[in-house]
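Dropping a structure here in C-alpha cells format, bear with me for questions.
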Amino acid sequence: MHPPQMTGLSPQEAGQPGLLSIGQSAGQGSARPIPWVTLALAGLLVAVHGVLVALGPVDVDALVRWGAKAGPLVLEAGQVWRLLSANLLHRDALHLALNVTVLVAAGTALERACRRRDYVALLIATGLTTMASSLAWSGAVSVGASGLVYGCMGALLVLGRRHRSRPGFRVRWLSGESALPTVLVFLWMGWTSVGVDNAGHLGGLVAGLLAGAFLDPRDSERASRTSLARPLAGVLAALFVAGGVVMERSGWRVERDDGFGVAVAMPEGWRGEVDGQGRRTFSNGLPGLGRATFSAEAIEAGEPVDGLAQARHFHDETLPLGAPGPEGRTLSVQGPSRTLVGGRVAQRLRAELEGPDGGRHLLAFFVPRGEWVYRLVFTWPARWPAYQEVVGRMVAELRFDEPSVLREARGRALLSPGAPGPQRELGAVLRRLGLSREAVTPLAEAVRLSPSHVGARVEFARALLDAGRVEEGCHAADEAQVYGPSDTGALEAGVRCELARGALPRALERLEEARRVDPQDARLRAAEAALRTVLEASPSSIPRETSEPTPR
C-alpha cells in the first residue's frame, strides 16, 4: 500500500481516479488550455501594487487616490468606477501574495473548466458585487481581490456539484467533503480577524455561487450553443445590484441641534465626531485625502452684532496667509462679504488651503442671532470638485429653528402665567436671541408682577431700546435706576439710552458714574475705553458694532 498522496485540499489513495484540486486543470485526457485571463489578472495585480510601492508609502491616502472603495466618494462624488478599481489594489505585499496565490489556483481551474467569456463576465460581476456588498455594509475604505477569489471558489463549488456525474469532468472534488469546510474556514478566519471586509467576501461568494448555477463546461453541447447573452446578463445583473446599493445609500438626512437651533441637511453617511471645544462637528468619515467636514459653533458676542468682527477675527487668527492652520496652509482668502444663509444676513469667507493630503477648500459663514454669532465652517477636498455641489446643497438647505432654551422658557411661562420669574426669563431669552419686539410683552408683565425687581426693569429697558422704542426705553432705564441706584445693570441701561439718543458725551458721563460704583468691573472698563476711542476718532458717527460698547 502506497502512502496517501495530497492533491490540493483532499487526500487521494493510489489507484483511485484522480479528482481535481484547485491547481489542476479541467478536461481529462486533453491538452490543458493556458489560463491567459487568470495569469493576466495576476500580473496586473502585481504590477499595480509595484507601481504604488514605487511612488511612496501605500497608506490610506494612496489607496484612495488610486481608486479604493471609499463610500463617500462613490455616493457623494459619483465615482462609481471605484467598485471595480478597488479589486485591483492591495494594502501590502502579504495581502497581495495571499490573494494572488489562491486566485491563480482557483481562477486557473475555473478558466479551464468553462468558456473564457463566461469566466471574464464572472470576474466583472463578482468584482462589482464584492464592493457593492462592502458599500452596503460600510462606507469605509476597502481594497483587495479576495472577493474575486471567493467568487471563483463559489462558482467552482456549484459547477462541480452540478456536473459531478459528467464523465471526464475534473472539478468533482468541489462537491466532496473538503470543499465546503474549506470555504467556511476561510470565512471564519475573516470574521475573527481585524480589518477584514467580510461583507465583501460574502458578496463575492454569493455572486460566485449564483454564477455557478448558470455555468457549463466548455466542451458541453449546451456551452457551444450559448451566445454572449448569458455572460452579458450576469454583468448587467451585477450592475443592477451595484446601482441599487448606490441609490439606497445615497440618501440625505436632516441633522438638528436643539441647543443651537440649527437644522442642516447632509449625506446619510456623515457622522458626528467628538470635538471637545463646544463645537458640533460632522464629517464624511474619510481620513486625510477625501475628507469633508462641517462644524457649527455659537460665539457669545454680548451685544447685537452683524458677525463682521467675528469673521475678521477668524480670518486673522485661523487663516493668515502662508501660515499653517488646522486644515492646512492658507493660500488665499476671499471676504468677508455679506450673504444670506437660512434667510439670515451673514458674513462669508472663502479660502484655498494646501495640506499634506492635497488642496482643500474652506467656506465659513458667520450668522448673527441677537447676542450670538453662529460660526458655520465647511471644508472639502479640491481634488474632487463634485463636493462643491454637496456643500452647496448643505448651505442652501440650512435652516434656523427655535433653540431648546427658548422652547423651555416658553413652556415655563405658559405653565406659570402669574409668576414674574418665568416671564422675566422668557423675555431675557427672547432679547438675547435678537427677538426684542417679542421680548417686550413678557418683560412688561414681569415688571408689573414684581415692580421692585431691578433685573426685570433692566431687561425691559434693553428690550425697548433694542426694539427701537428709544424714549420708552430711556424711561424704563430711569425707573430701573430709581429702584437700583447702585446697580451696575441699571447704570448701563442709562448709558445705552444716551447712546440710542446719540448723546455720546452724556453716555460717557453715565459710564464713568457706573465705573465709580464698581471700579473693578473689567467689562465697564473696556466699555469706557471703547467709547472714548469712538469719541476721539469720530464724534459725529458711531460704527454699528460699537454703537453699544457696554457689556450686558
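Start at 1 with the first residue, then count along the sequence. Computed from a prediction, not measured in an experiment: that's the story for all the values here.
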(Q) Can you tell me how the ring of Phe294 sits relative to the ring of Phe282, calling it parallel under 30°, perpendicular over 60° and tilted otherwise? (A)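 The arrangement is parallel - the two ring planes meet at less than 30°.
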
Q | Leu289 side chain reached by Trp384 side chain, heavy atoms, under 4.5 Å | A |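 They are in contact (side-chain heavy atoms under 4.5 Å apart), so the answer is yes.
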
(Q) For the CE atom of Met266 and the CE atom of Met394, what is their distance to the nearest 0.5 Å? (A)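 Answer for the CE-CE pair, Met266 versus Met394, is 4.5 Å.
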
Q. Are any side-chain N or O atoms of Asn284 and backbone N or O atoms of Gly290, one a donor and one an acceptor, separated by less than 3.5 Å?
A.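 Side chain of Asn284 to backbone of Gly290, a donor-acceptor pair under 3.5 Å: yes, one is there.
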
(Q) Main chain of Arg369, side chain of Arg432: is a donor-acceptor contact present, judged purely on distance under 3.5 Å? (A)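 Pair absent, no side-chain N/O of Arg432 close to backbone of Arg369.
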
Q. Within a reach of under 6.0 Å around CD of Glu389, are more than 12 heavy atoms found that belong to other residues, nucleotides or ligands?
A.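 For Glu389, atom CD is not crowded (no more than 12 foreign heavy atoms under 6.0 Å).
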
Q) If you take all heavy atoms of Ala409 and Val429, which pair is closest and at what distance? A)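 Closest approach of Ala409 to Val429, heavy atoms only: CB-CG2, 4.4 Å.
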
Q.
Is there a side chain to side chain contact (heavy atoms under 4.5 Å, CB included) between Thr441 and Glu445? Walk through the geometry before answering.
A. CA-CA 6 Å; Thr441 300; Glu445 180 67 10; 5.9 Å; no

(Q) Does any part of the side chain of Gln423, heavy atoms only, come nearer than 4.5 Å to the side chain of Leu443, both counted from C-beta? (A)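 The answer is no; the side chains never approach within 4.5 Å.
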
Q. Can you find a heavy atom in the side chain of Phe365 that is under 4.5 Å from one in the side chain of Leu363?
A.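 They are in contact (side-chain heavy atoms under 4.5 Å apart), so the answer is yes.
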
Q. Does a salt bridge link Arg412 with Glu425, judged by any charged N lying under 4.0 Å from a carboxylate O?
A.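 Salt bridge between Arg412 and Glu425, a charged N being under 4.0 Å from a carboxylate O: yes.
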
Q) Just by distance, do the side chain of Ser134 and the backbone of Thr130 share a donor-acceptor pair under 3.5 Å? A)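 No, the answer is negative, given that no donor and acceptor are paired below the 3.5 Å cut-off.
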
Q: Kindly indicate, with the supporting measurements, whether the criterion side chain to side chain contact (heavy atoms under 4.5 Å, CB included) is fulfilled by Asp306 and Val345.
A: CA-CA 8 Å; Asp306 62 4; Val345 177; over 6 Å; no

Q) Between the side chain of Ser283 and the main-chain N/O of Thr293, is any donor-acceptor distance below 3.5 Å? A)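 Checking the backbone N and O of Thr293 against the side chain of Ser283, no donor-acceptor pair under 3.5 Å is found.
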
**Q.** Derivation of the side chain to side chain contact (heavy atoms under 4.5 Å, CB included) call for Leu406 and Leu435
**A.** CA-CA 11 Å; Leu406 179 54; Leu435 303 173; 4.2 Å; yes

Q: Could you label the plane-to-plane angle of the Trp270 and Tyr387 rings as parallel, tilted or perpendicular, counting under 30° as parallel and over 60° as perpendicular?
A: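 Ring orientation, 0 to 90° scale: tilted.
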
Q.
Just so I know, are the side chains of Pro267 and Leu75 near enough to count as touching, which here means a heavy-atom distance under 4.5 Å?
A.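 A side-chain contact under 4.5 Å is absent here.
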
Q. Measuring from Leu376:CG to Phe260:CZ, what's the distance to the nearest 0.5 Å?
A.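 Answer rounded to 0.5 Å: 9.5 Å.
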
(Q) Quick test of your reading of the model: are Asp59 and Arg91 salt-bridged, counting only N-O distances below 4.0 Å? (A)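 The answer is no: the pair does not qualify as a salt bridge.
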
Q.
Ring of Trp380, cation from Arg360 - is the NZ or CZ under 6.0 Å from the centre and inside 45° of the axis?
A.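 No; the conditions do not both hold, so Arg360 does not lie above the ring face of Trp380.
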
Q.
Strictly distance-based, threshold 3.5 Å: is any side-chain N or O of Thr330 a donor or acceptor partner for the main-chain N or O of Ser332?
A.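 Absent.
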
Q | salt bridge (Lys or Arg N to Asp or Glu O under 4.0 Å) between Glu268 and Arg249, worked out | A | CA-CA 7 Å; Glu268 187 67 40; Arg249 291 292 308 275; over 6 Å; no

(Q) Contact between Thr129 and Val206 at the side-chain level, heavy atoms closer than 4.5 Å - yes or no? (A)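 Side chain of Thr129 against side chain of Val206, heavy atoms only: no contact under 4.5 Å found.
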
Q. Is there a side-chain contact between Val48 and Leu89 (heavy atoms, below 4.5 Å)?
A.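 Val48 vs Leu89: side chains touch.
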
Q) Within the side chain of Arg348, is there an N or O that forms a donor-acceptor pair under 3.5 Å with the backbone of Arg338? A)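 A pair under 3.5 Å: no.
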
Q) Would Arg393 and Glu397 pass as an ion pair if we require N to O under 4.0 Å? A)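 Yes, charged N to carboxylate O under 4.0 Å.
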
**Q.** Least distance between heavy atoms, Ser450 atom then Pro420 atom
**A.**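 Taking Ser450 first and Pro420 second, the nearest heavy atoms are CB-CB, 3.9 Å.
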
Q: Determine, for Glu255 against Arg280, whether the closest basic-nitrogen to carboxylate-oxygen distance falls under 4.0 angstrom.
A: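 Looking at Arg280 together with Glu255, the answer is yes, because their closest N to O distance falls below 4.0 Å.
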
Q: Would you name the heavy atoms of Asp401 and Ala263 that are closest together and state the gap between them?
A: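 So the minimum-distance heavy-atom pair works out to OD2-CB, 3.4 Å.
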
Q.
Pair Val51, Trp66 - check side chain to side chain contact (heavy atoms under 4.5 Å, CB included), show working.
A. CA-CA 11 Å; Val51 172; Trp66 277 72; 3.4 Å; yes

Q) Do Glu297 and Arg375 sit within salt-bridge range, that is, some charged N less than 4.0 Å from a carboxylate O? A)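 A salt bridge is present here (some side-chain N lies under 4.0 Å from a carboxylate O).
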
Q.
Looking at Arg65, I want to see if its CZ is surrounded by more than 12 non-hydrogen atoms of other residues, nucleotides or ligands under 6.0 Å.
A.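 Result for CZ/Arg65: enclosed.
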
Q) Do Val333 and Arg350 come close enough that some side-chain heavy atom pair is under 4.5 Å? A)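 SC-SC contact between Val333 and Arg350 ruled out.
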
Q) Can you name the nearest heavy-atom pair linking Gly71 to Leu135, along with the distance? A)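 Where Gly71 meets Leu135 most closely, the heavy atoms are CA-CD1, 3.6 Å.
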
(Q) If I take atom CE from residue Met131 and atom CG from residue Leu83, how far apart are they, to the nearest 0.5 angstrom? (A)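 If we round to the nearest 0.5 Å, Met131:CE and Leu83:CG are 8.5 Å apart.
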
**Q.** Any Arg496 side-chain heavy atom under 4.5 Å of Glu303 side chain
**A.**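 Yes, close enough: below the 4.5 Å cut-off.
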
Q) Looking only at heavy atoms, which two atoms of Pro381 and Arg291 are closest? And how far apart? A)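 Heavy atoms of Pro381 and Arg291 come nearest at CD-O, 3.3 Å.
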
Q.
I need the Asn198 CG to Leu205 CG distance, nearest 0.5 Å.
A.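 Here the interatomic distance stands at 12.0 Å.
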
Q) With a 3.5 Å cut-off and no angle check, do the side chains of His361 and Glu352 form a donor-acceptor pair? A)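 Side chains of His361 and Glu352: pair found under 3.5 Å.
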
**Q.** Distance (rounded to the nearest 0.5 Å) between Leu52 CG and Leu63 CG
**A.**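 The CG atom of Leu63 is 6.5 Å from CG of Leu52, to the nearest 0.5 Å.
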
Q: Flag this pair as yes if the NZ/CZ of Arg344 is under 6.0 angstrom from the six-membered ring centre of Phe400 and inside a 45 degree cone about the axis; otherwise no.
A: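 Geometry flag: set, cation within 6.0 Å and 45°.
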
Q: Considering only NZ, NE, NH1 and NH2 on the basic side and carboxylate oxygens on the acidic side, decide whether Glu438 and Arg410 come within less than 4.0 Å.
A: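 Yes.
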
Q. Do the charged groups of Glu371 and Arg462 touch, with an N to O distance under 4.0 Å?
A.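 Counted as a salt bridge, because a side-chain N and a carboxylate O are separated by less than 4.0 Å.
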
Q. Tyr374 and Phe366: aromatic ring centres closer than 6.0 Å?
A.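 Distance test on ring centres: not under 6.0 Å, no.
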
Q. Any side-chain donor paired with an acceptor under 3.5 Å for Lys69 and Ser142?
A.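 Checked: Lys69/Ser142 side chains show no N/O donor-acceptor pair below 3.5 Å.
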
Q) Rounded to the nearest 0.5 Å, what separation is found between the CG atom of Asn99 and the CG atom of Leu94? A)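 Spacing of CG (Asn99) from CG (Leu94) equals 9.5 Å.
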
Q) Is there a salt bridge (Lys or Arg N to Asp or Glu O under 4.0 Å) between Glu354 and Arg329 once you walk through the steps? A) CA-CA 5 Å; Glu354 182 183 55; Arg329 185 170 62 91; 2.5 Å; yes

Q: Identify the two heavy atoms, one from Leu45 and one from His90, that lie closest to each other, and give their separation to 0.1 Å.
A: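 Reported closest heavy-atom pair: CD2-CE1, 3.9 Å.
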
Q | Any donor-acceptor pair under 3.5 Å from Arg271 side chain to Gly285 backbone | A |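 Not confirmed, Arg271 side chain does not pair with Gly285 backbone.
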
Q | Under 3.5 Å donor-acceptor, Asp316 side chain and His313 backbone | A |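 Flag not set: sc Asp316 to bb His313 has no pair under 3.5 Å.
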
Q | side-chain contact (heavy atoms from CB on, under 4.5 Å) partner of Leu286, chosen from Asp61, Val60, Leu73 | A |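 So, applying the side-chain contact (heavy atoms from CB on, under 4.5 Å) to Leu286 and each of Asp61, Val60, Leu73, only Leu73 qualifies.
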
